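Working notes, beginning with the structure itself.
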Amino acid sequence: MGGTLRLLNGRILDPTQQRDEIADLFIRDGVVVDALSDEGGDVECLDVAGCWVVPGLIDVHVHLREPGEEYKETIASGCLAAAAGGFTAVACMPNTKPVNDNGSITRYIVEQALTCAARVYPVGAISQGSGGDKLAEYGEMKDAGAVALTDDGRPVVDSQLMRRAMEYASSHGLPIMSHSEEIALSRHGSMHEGAVSTRLGLKGIPAAAESIMVYRDVALAELTGARLHIAHVSTEQSLAVIRAAKTRGVKVTAETAPHYFTLTDEAVEGYNTHAKMNPPLRTEKDRQAIRDALADGTLDAIATDHAPHSVLEKDVEFNLAANGIVGLETSLPLSLALVRDGVISPLRLVELMSSAPAAILGVAGGTLRPGAAADVTVIDPQRIFTFNAAESFSKGKNSPFDGWRLQGRAVLTLLAGRVTFSDR
Amino acid sequence: MTGFMAEHTGQDQHFRHQHLFGIEQLSVSDILLVLNTARSFRDISARAIKKVPTLRGKTVVNLFFEPSTRTRLSFEIAAKRMSADTFNISAAGSSAVKGETLIDTAKNIQAMKPDVVILRHSSSGAPYLLARNIEAAVINAGDGAHEHPSQGLLDMMTVLDHKGRLDGLKVAIIGDIAHSRVARSDILGFVKMGSEVFLAGPQTFIPPEVSRLGATVCGSVAEAVRDADVVMTLRIQLERQNDPLIPTLREYAKFYGINKAVLELAREDAIVMHPGPVNRGVELSPDVADGSRSVILDQVTNGVAVRMALLYLILGGSKGNEGQGDK
């Protein structure tokens, strides 16, 4: 977009500059520019007083379902949902059909995304077909645009394969994202193992199924020196493992998702398949531990694990229902509650949802420094709205937050200065 | 009727539930209403002509997605003794094997206007899904490892027959609690009625935090059975879905089976129960299963009466109809 845009009187929050002040933000030709050197000319002004002006949010963990399951989501519909949620970039998981395990599929995703409402960073598969057997071509995928590697949804069982993946990924400068799950312990389970699973008669997934694999992958990262990112952390035990690893200097980062700091396994009551995901919703103690870890730095990022499904996968018996919920359009409002609850500061929120995700993926963004692409999100922290899944941009309507009254949301999303969402 | 029961059941009390998903949803007075109604219906099964017209014109569908002999037969006999029309759909002969979803099946059955659907399903919670998609009443005849409320009710009826009360008793439940819907319904029921429930079995059979249901987990069978009024045993399996639970049936029988020697620890007048079918020589020694304390066949008889009562209460049969049936 040509011309100059001036966002007036917003609260600028930029963790990369430790900025938290009321000021104007100037954008020229899709780039953030220094206000002082840029007066004059044809300037479009938007008064955003009372709102936060932050670097565009980045989600390191979404499922866009294309290619292969376009009835659940497409790259285009997922990007619209992202923009509506305040995101300017997402990293999409490789468990498409076929699996994104080679350069041509990575390239297809990148090309599909060019005209979409958000930047899309493909994450390639660790193993061919995510079969857990042979390494995929990391170099080819990186050249095509892949930013990280994971067999998300299909945890890597073989420790030697995971070790080799870390070593080979390091050679190509890519991080490994671990879906940490010991499937021998979680097999046939459909919710957290505890008092609620006992009462509902559902086979449980113990917390240990996660922390055992977090420990294995931390140990392998320590062995190989690889950069490791732990996906969707849900338990207190996993946090203890990550905290200790960070203290030892292991190159590990970690994310959690809003449902893990908002809900507990009680949400499954009534066999609600919109409260079924993997890892499962845990206990109140875990929920509190996740909130603490977001504050103390053990957790680096808030990701959604946006996992759209249709009624075909969700309107069935609980144990047969697919795992996963949509999250792009509720992530920011649910995370803003952490600020209102005094768990984290506004600046830390922006770090968790923008600056740190950019660093984890090794991509541009997450900053409002002059010269950066004008990926900008304007947040109205006061706006109260009722989330109606049926009217959401995502094709997936599988949200446990359907009908929730939420406070705070993105009211303007800019991608390189271009408006991708506006609700001012 | 004991004083305890009289104070909880009014003469014209109505069953407030459209569906029966589990004991969890029932109050003490709901349970007593079912048991009192069942007792009045039990006489019908003892007559030469075992049929009353109470539910004439009502359609009862038995929708069974798991093999079952006695529960399905018990519901069918109950419905027929009340003159309802019954239809049986079992998984092998249904569309389930053709990939039809439970909701599709529900909508198709609904289109034929049944009054009640009795569901047996391997998935915990399946009756809730069915009830959300059907106008007919739904009775849970066992869902996964969740609940089997008619079994819980017939167990309470049997204990009431033999003990004259349901409060202040010590009930021991021995076996695979984790995978048992009968255990959950019994724990919830007996605790609700004011009895104490003690559980025993190898830890592989004890579900996490089961004490939150109100039961006490014991370290040994002896501890659970000591001074018990009721000793309930459950059918056990070596493994489920490749999940090893116990090494051998032989070792289980030795350490957790109920035999004469273990039963000596219970009260002199203790009764022995089992939801069937019994693994003779495993969870129950043959002499105990067939011994004087065994009330296993009373449970089966009461099963028909309890299911008659449930159909009657859920289908809203009136006292007037019942009166006609008695003449």
Side-chain angles (χ1 to χ4, degrees), chain A residues 157 182-210 235 237 264-276 280-286 309-323 398 400 402, chain B residues 21-25 65-66 96 99-107 119 121-133 140 142-149 177-185 187-188 199 205-215 217 239-244:
Chain A
V157 173
E182 169 52 89
I183 55 172
L185 283 172
S186 61
R187 190 177 290 130
H188 305 302
S190 53
M191 70 172 296
H192 174 68
E193 179 179 306
V196 182
S197 69
T198 290
R199 182 158 48 82
L200 296 180
L202 290 169
K203 182 153 169 42
I205 300 171
E210 178 177 303
T235 75
Q237 292 171 12
T264 66
D265 56 351
E266 297 279 350
V268 174
E269 192 63 50
Y271 301 90
N272 176 13
T273 59
H274 289 177
K276 182 181 178 186
L281 296 169
R282 303 289 186 179
T283 65
E284 178 60 20
K285 197 157 173 279
D286 293 301
H309 288 294
S310 79
V311 290
L312 297 176
E313 292 83 24
K314 283 296 196 181
D315 221 356
V316 297
E317 295 85 332
F318 191 87
N319 62 315
L320 304 181
N323 285 308
N398 48 313
D402 187 25
Chain B
F21 299 127
I23 299 293
E24 189 181 18
Q25 79 193 83
F65 287 92
E66 267 188 345
E100 183 176 332
T101 67
L102 180 57
I103 290 178
D104 285 337
T105 306
K107 288 185 171 160
L119 179 69
H121 201 288
S122 60
S123 292
S124 299
Y128 296 83
L129 182 66
L130 181 66
R132 282 199 294 269
N133 289 280
N140 180 7
D143 62 327
H146 175 227
E147 279 222 47
H148 191 353
I177 315 294
H179 300 91
S180 173
R181 49 196 172 215
V182 175
R184 278 173 185 69
S185 289
I187 293 168
L188 291 166
L199 309 176
F205 283 168
I206 306 294
E209 301 183 57
V210 68
S211 58
R212 298 267 288 271
L213 298 181
V217 179
E239 57 156 61
R240 287 169 187 264
Q241 299 177 308
N242 291 323
D243 185 1

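Being a predicted model, the structure only gives us computed values, none of them experimental. All values below come from the heavy atoms of this structure, side chains included, with hydrogens, waters and symmetry mates left out. In what follows, chains carry the letters A, B, and so on, assigned in the order in which the sequence lines appear, proteins first and then strands, with residues in each chain numbered from 1.
The distance from atom CD1 of B:Ile187 to atom CG of B:Leu213, rounded to the nearest 0.5 Å, is 5.5 Å. Distance check, rounded to the nearest 0.5 Å: CG of B:Leu129 to CG of B:Leu102 gives 5.0 Å.
Looking only at side-chain heavy atoms (C-beta outward), B:Ile103 and A:Val311 stay at 4.5 Å or farther from each other.
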So which donor and acceptor atoms of chain A and chain B come within less than 3.5 Å of each other?
residue  : atom : partner  : partner atom : Å
A:Thr198 : O    : B:Arg184 : NE           : 2.5
A:Thr198 : O    : B:Arg184 : NH2          : 3.2
A:Thr198 : OG1  : B:Pro208 : O            : 2.6
A:Arg199 : NH1  : B:Glu24  : OE2          : 3.4
A:Gly201 : O    : B:Ser124 : OG           : 2.6
A:Tyr271 : OH   : B:His146 : ND1          : 3.3
A:Tyr271 : OH   : B:His146 : NE2          : 3.4
A:Glu317 : OE2  : B:His121 : NE2          : 2.9
A:Asn319 : OD1  : B:Ser123 : OG           : 2.6

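When all heavy atoms of B:Ile23 and B:Pro149 are compared, the pair lying nearest together is CD1-O, 3.6 Å. Heavy-atom minimum distance, A:Ala267 versus A:Ala275: O-CB, 3.5 Å.
Of all the listed residues (A:Val196, A:Val316, A:Leu200), the one sharing the greatest number of non-hydrogen pairs under 4.5 Å with chain B is A:Leu200.
If you measure heavy-atom distances from A:Leu320 to chain B, the contacts under 4.5 Å come from the side chain alone.
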